[in-house]
A.B. asks: 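Below: one structure in C-alpha cells.
None of the values given here were measured: they were computed from a predicted structure.
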Amino acid sequence: MEANRAAALDAQATPCPACGASISTSSIGRRRRVQCPKCRQVVDLRAVENPVADEGAASESGDRVPLTRLEALEARIAALEEAAKATPHFQPIEVVVQRPDKKWKWLTHSDSHEAEKLPTNITEVFLQNLGNYDGETITIQLANGDKRALARAMSLKDVFDRAHWTVIGPGEIVPRATEPGLFLAVGGVPLPPAAAAAYFAMSTSGFAIESFLDPQLGNEDTILIVA
C-alpha cells in the first residue's frame with residue numbers, strides 16, 4: 001500500500017536536478033519546461049524523465065543547448081501560476097477605470113449669442129461642452145474702455161469658471177480686432193490643447209468665433225479676445 005502511494009506521488013512530482021526540490025507536474029498541461037519553485041532553475045522534464053534522450057540534445061562540443069527566451073518565459077509563467085495557486089489568500093484584483101464618454105450639445109448661432117449676458121439655454125449648452133475638457137487654462141482680453149465687451153467677457157468667464165477652467169482676466173488691451181466679435185489668438189500650430197478645446201466647445205455651442213496667429217505669443221498661449 002505504501003508503495004502504491006509513493007508511485008502516485010511520483011506521478012505528480014519530479015525532483016529538480018539542481019536542488020532536489022519536488023516540482024509538481026499535475027497541472028502543467030502539455031508544457032514540458034518548468035521553473036523550480038525553490039532555486040528558480042528552468043527544468044526540462046523530458047531530460048529528467050529520459051536522461052538518455054537528453055544526451056542527444058547536447059551539442060558536439062558537449063555543451064548543453066540553451067533554452068530560447070520564449071521557452072524560459074513559458075517556464076517562468078508556469079511557475080508563477082503554480083505559486084499563485086499555492087498561496088492561501090491569493091485573490092485576483094480587477095481594476096476598472098470608469099470615464100464617462102464625452103457628451104456634446106449643439107446649437108446654431110443666433111442673436112442671443114451676441115448678448116452682453118448669455119441666456120440660460122446657451123449657458124447650459126456651453127457649460128456642458130466646456131465640461132468635456134477640464135483643467136485647461138485660457139486668457140480673456142478685450143478692447144480698452146469697451147463696456148459692452150467687458151460685460152460679454154465677464155459672462156463668458158463665469159461659464160469657464162463653472163466648467164473648472166483656469167481663467168486669466170479679463171484684461172484690457174489695445175484692440176487687435178477691427179470689428180466686434182470673438183477671436184481666438186494662438187502663437188503657432190499645432191494648436192495648444194486649450195485652444196483646440198475652447199474653439200470646439202464654443203463652435204458647437206453656437207458661438208461665431210474666428211482664430212488667428214499672433215507671433216508675439218508663446219506656443220502654449222491661448223487668448224480669447226472679446227471685441
A.B. asks: Rounded to the nearest 0.5 Å, what separation is found between the CZ atom of Phe160 and the CD1 atom of Ile138?
C.D. replies: 4.0 Å
A.B. asks: Just to verify, what does Glu116 make a side-chain contact (heavy atoms from CB on, under 4.5 Å) with, not counting sequence neighbours?
C.D. replies: Arg148, Ala151
A.B. asks: Go through Glu210 and Leu182 one step at a time and tell me if the side chain to side chain contact (heavy atoms under 4.5 Å, CB included) criterion holds.
C.D. replies: CA-CA 6 Å; Glu210 299 182 23; Leu182 298 175; over 6 Å; no
A.B. asks: Please check: side-chain N/O of Thr222 versus main-chain N/O of Ala194, any donor-acceptor pairing under 3.5 Å?
C.D. replies: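 Not a single qualifying donor-acceptor pair exists.
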A.B. asks: Using side-chain heavy atoms (C-beta onward) and a distance below 4.5 Å, is Lys105 in contact with Asn129?
C.D. replies: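 Of all side-chain heavy-atom pairs linking Asn129 with Lys105, at least one is under 4.5 Å.
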A.B. asks: To the nearest 0.5 Å, what is the distance between NZ (Lys103) and CD (Gln128)?
C.D. replies: 8.0 Å
A.B. asks: What's the separation between atom NZ in Lys157 and atom CD1 in Ile140, rounded to the nearest 0.5 Å?
C.D. replies: 7.0 Å
A.B. asks: Between Phe126 and Phe207, is the ring centroid distance below 6.0 Å?
C.D. replies: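 Between Phe126 and Phe207, the centre distance is under 6.0 Å.
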A.B. asks: Is the backbone N or O of Pro192 less than 3.5 Å from a side-chain atom of Asn219, with the two atoms forming a donor-acceptor pair by type?
C.D. replies: no
A.B. asks: To check you understand the geometry: which heavy-atom pair defines the closest contact between Ile122 and Ser112, and what is its length?
C.D. replies: CD1-CB, 3.7 Å
A.B. asks: Rounded to the nearest 0.5 Å, how far apart are CE of Met202 and CD1 of Ile209?
C.D. replies: 4.5 Å
A.B. asks: Examine Leu224 and Ile168 and state if one hydrophobic cluster contains both, with Ile, Leu, Val, Met, Phe, Trp and Tyr joined whenever side-chain heavy atoms are less than 4.5 Å apart.
C.D. replies: no
A.B. asks: Atom OG of Ser205 and atom CG of Leu127: how far apart are they, to the nearest 0.5 Å?
C.D. replies: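 That separation rounds to 9.5 Å.
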A.B. asks: With side chain to side chain contact (heavy atoms under 4.5 Å, CB included) as the criterion, how do Val186 and Glu220 come out once you've worked through the C-alpha distance, each side chain's angles and the decisive distance to 0.1 Å?
C.D. replies: CA-CA 8 Å; Val186 296; Glu220 297 300 319; over 6 Å; no
A.B. asks: Can you tell me if Asp221 uses its side chain to pair, donor with acceptor, with the backbone of Gly218 under 3.5 Å?
C.D. replies: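 Judged by distance alone, yes, a pair lies under 3.5 Å.
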A.B. asks: So which atom in Pro170 and which in Ala153 form the shortest heavy-atom distance, rounded to 0.1 Å?
C.D. replies: CB-CB, 3.9 Å
A.B. asks: Mind checking the CD-CG spacing from Glu172 to Asp146? Nearest 0.5 Å is all I need.
C.D. replies: 8.5 Å
A.B. asks: Quick one: list whatever passes salt bridge (charged side-chain N to carboxylate O under 4.0 Å, His left out) with Glu114, sequence neighbours left out.
C.D. replies: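 Glu114 satisfies salt bridge (charged side-chain N to carboxylate O under 4.0 Å, His left out) with Arg152 once adjacent residues are dropped.
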A.B. asks: Any donor and acceptor pair, going by atom type alone, linking the side chain of Trp165 with main-chain N or O of Tyr133 inside 3.5 Å?
C.D. replies: yes
A.B. asks: Walk me through whether Ile225 and Leu142 qualify under side chain to side chain contact (heavy atoms under 4.5 Å, CB included).
C.D. replies: CA-CA 5 Å; Ile225 300 175; Leu142 59 141; over 6 Å; no
A.B. asks: Yes or no on side chain to side chain contact (heavy atoms under 4.5 Å, CB included) for Val226 and Leu156, after CA distance, side-chain angles and deciding distance?
C.D. replies: CA-CA 9 Å; Val226 184; Leu156 291 169; 4.1 Å; yes
A.B. asks: Under the ring-ring contact (aromatic ring centres under 6.0 Å, His included) test, which residues partner His109, sequence neighbours left out?
C.D. replies: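 In terms of ring-ring contact (aromatic ring centres under 6.0 Å, His included), with neighbours along the sequence ignored, His109 is linked to His113.
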